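Scroll down for the structure; my scribbles are underneath it.
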Protein chains: 2
Amino acid sequence: MEVKLPTFNSVFSIDCVIFGFEAGELKILLIERNEEPFKDWLALPGYIVEQDESIDDAAERILYELTGLRDLHMQQFHTFGEVNRHPQGRVITVAYYALIRINGQKEVKPVTQYAKNAFWHPVNDLPKLAFDHSEIFETGFNKIRRRLNYQPIAFELLPEKFTLTQLQSLYEAVLNKKLDKRNFRKKMLSYGFLKELDEKQKGVSYRAAKLYKFDRRKYTKIFQNDLNLDK
Amino acid sequence: MEVKLPTFNSVFSIDCVIFGFEAGELKILLIERNEEPFKDWLALPGYIVEQDESIDDAAERILYELTGLRDLHMQQFHTFGEVNRHPQGRVITVAYYALIRINGQKEVKPVTQYAKNAFWHPVNDLPKLAFDHSEIFETGFNKIRRRLNYQPIAFELLPEKFTLTQLQSLYEAVLNKKLDKRNFRKKMLSYGFLKELDEKQKGVSYRAAKLYKFDRRKYTKIFQNDLNLDK
DNA sequence: ATATAGTGTGTCAAATTTACACCATTAAAT
DNA sequence: ATTTAATGGTGTAAATTTGACACACTATAT
């Protein structure tokens, strides 16, 4: 029994690479598709742009509908427009990334029926994804790698209060290389945008580390002279 | 007498920011539009993507049709998708930049009727452009600024043989700041991707400068370990 | 021969980056 | 109470990179 799918002549879609950091691992949000094509496949959250919404607005809406996440700062990073990237016709997709604190987030869960469910998956062990989504992911991952040192990427992934070791292990996860502890701390603290708190880490069975907070105001002041990379 | 224009529901277009360097000035290629909307306005070369071509292919085709330029390496940099950016309906545009040696290039000239003509215009004194093209230009200009130091941008803009002073003045034009002559030379030569020729500059009424060539092979070797920014 | 205009070069101080190892603290186990 | 296990927190010295800075050289035109 075959169902006839509609044909697209000229459709825009959005796909989202949502990064989170949990248990020392960098993860992205995947959905299990509930629609043809690629029904039951894993995919990036993505859908079609409506006529009356900007692509930036569409990115926020679509992410919400497929995962229940709202108010993320979505950053466009590339557009994929190969002729045959979508089996149903001509669909050009604009890809966005966003960063989120996984903890303190209620569980991710689709609001519409287009996805069966949504979940976090480590970036290091991704299965093959629907469409050209594996390529989209790679491109997005490269983007945040490149921007890690002049955009406040790390601080949107960490909890509000974090230790320097957590910060370092996030850097190591994104850059995929080990860093020197003493040099890393010296460098980070020298910027002056980390505020040392009077609090310490809790619930560990060894010496508790100091907690720090990110001062976005100071960060912005330091990097504002740098060329804007928003677009 | 009013002509009824068609309405677009969902159309992709391409716009191109083509950089050139001439007479010590950074320039971009503009066209004078020959079609509504914005007939007679100055604009970036751009047009609508066909059903059966990828956006990368479309970028090359459209640039050729509007300017007669072929075989440039076009680099996508951002997609603009505000709802009302095009007065005739919903048109999302993918922006590309490219770099070219203006000299040694036959004159730029539209191949189709969509543009009245095409010409080089200094980036420092741009008029208001059609649609959101001024914003597109700014975004593209920021991109190449940012990439100047790890992509071979300068060498695609200069003639094959160039002096270090020409190279420096290009850097100064892109970065919009003065650089120190001795430090600039020291740094550039230290990379090892500039090959000193036995030839000298001709036609100047003062001491002629040495000419250099860019060694792309060596450049690539040096920057290949850097994260790929192609996308 | 001289005026002009741009070419080509070196040093030193300051700042940044890199390499590297051990004692301190806490909680859990004994 | 002591020990163990695990991670926290810290400084110095060498190497490299960056930045500031000035003048003699050379080719042409007059």
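So you know, we letter chains A, B, ... as the sequences are listed, proteins then strands, and number each from 1. In this text the structure is predicted, and so the values were computed from the model without any measurement.
The pair A/R85-A/D132 meets the salt-bridge criterion, with a side-chain N (NZ, NE, NH1 or NH2) lying under 4.0 Å from an Asp/Glu carboxylate O.
When the P atom of C/dT9 is taken as reference, atom CG of B/D180 falls 15 Å away, rounded to whole Å. Distance NZ (A/K210) to C1' (D/dG9): 7 Å, rounded to an integer number of Å. Atom CE in A/M188 sits roughly 15 Å away from atom P in C/dT16 (whole-Å rounding). Straight-line distance from the CD atom of B/Q201 to the C1' atom of D/dT26: 12 Å, rounded to whole Å. Spacing between atom CG of A/L167 and atom P of D/dG8 amounts to 13 Å, rounded to whole angstrom units. Following rounding to the nearest Å, A/L179 (CG) and C/dA19 (P) show an atom-to-atom distance of 11 Å. For the pair A/N149 CG and C/dT17 P, the interatomic distance rounds to 10 Å; values are reported in whole Å. For the pair B/Y206 OH and C/dG6 P, the interatomic distance rounds to 6 Å; values are reported in whole Å.
Between A/Y97 and A/F19, the ring-plane angle classifies as perpendicular under the 30° and 60° cut-offs.
Aromatic pair B/F214/B/F193: centroids less than 6.0 angstrom apart. The distance between the ring centers of B/F162 and B/Y212 does not fall below 6.0 angstrom.
In this structure, B/R33 forms no cation-pi arrangement with B/F38, as its terminal cationic atom is not both closer than 6.0 Å to the ring centre and no more than 45° off the ring axis.
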Give me the distances for all protein-to-nucleotides 14-18 of chain D N/O pairs that come in under 3.5 Å?
{"residue": "D/dT18", "atom": "OP2", "partner": "B/K187", "partner atom": "NZ", "Å": "2.8"}

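For A/K181 and D/dG9, a side-chain-to-base donor-acceptor distance below 3.5 Å is present, hydrogens and geometry of angles not being considered. Interface remark: the A/R207 side chain does not form any donor-acceptor pair with the C/dT26 base, using a distance-only criterion of under 3.5 Å.
Rounded to the nearest 0.5 Å, atoms CD (B/E60) and CG (B/L72) are 7.5 Å apart.
In plain terms, the two heavy atoms of B/W120 and B/G20 that are nearest each other are CZ3-N, 3.6 Å.
DNA chain C is contacted by both B/N183 and B/T165; B/T165 maps to the nucleotide lying nearer its 5′ end (nearest heavy atom per residue).
Between B/S205 and C/dA5 there is no side-chain N or O to OP1 or OP2 distance below 4.0 Å. In this model, the phosphate group of C/dG8 is approached by a side-chain N or O of B/R185 to a distance below 4.0 Å at OP1 or OP2.
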